[in-house]
Enquirer: 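Have a look at this one before I ask anything.
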Amino acid sequence: AAASAQLETHRKLPEPINRVTKQGRFDWGSFSAFEDGSIEVEIAGVKQWFQNFSELERGLRSRGLG
């Protein structure tokens, strides 16, 4: 019984769920916006994650898309 109680205390907590709040498609790809303000963009089959809109804007400008 002590061994099973010890296993319970070392279980990893589940990761918080970061729900999608908006999704869309553009000529150049698609995006998903999440509850925490982060954004995932897929351009030419490559997915990139940005912490916030400002980071996304910088990333798109560097590709000549913003």
Side-chain angles (χ1 to χ4, degrees):
S4 64
Q6 189 176 20
L7 287 176
E8 286 296 313
T9 60
H10 294 294
R11 263 191 351 189
K12 189 174 181 180
L13 294 174
E15 294 290 322
I17 296 172
N18 192 14
R19 289 178 171 75
V20 173
T21 58
K22 298 269 184 187
Q23 288 184 310
R25 294 197 173 280
F26 293 94
D27 295 345
W28 46 261
S30 62
F31 78 95
S32 297
F34 297 89
E35 282 180 332
D36 70 355
S38 64
I39 304 163
E40 182 182 79
V41 176
E42 185 172 347
I43 301 171
V46 177
K47 288 186 179 183
Q48 285 185 285
W49 178 83
F50 299 92
Q51 192 171 2
N52 53 45
F53 187 77
S54 295
E55 201 175 271
L56 166 64
E57 206 170 29
R58 283 192 298 273
L60 292 177
R61 280 193 189 129
S62 72
R63 290 174 160 263
L65 297 171

Enquirer: For L56 and V41, work out which heavy atoms get closest and say how close.
Expert: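 In this case the closest contact between L56 and V41 is CD1-CG2, 3.4 Å.
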
Enquirer: For F34, enumerate each residue passing the side-chain contact (heavy atoms from CB on, under 4.5 Å) test, keeping only those at least two apart in sequence or located in another chain.
Expert: N18, V20, S32, D36, S38, E40

Enquirer: Are F53 and F26 connected, step by step, through hydrophobic side chains (Ile, Leu, Val, Met, Phe, Trp, Tyr) whose heavy atoms are closer than 4.5 Å?
Expert: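 In one cluster with F53: F26, yes.
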
Enquirer: If the condition is ring pair (Phe, Tyr, Trp, His ring centres under 6.0 Å), which residues does F50 pass it with, not counting sequence neighbours?
Expert: none

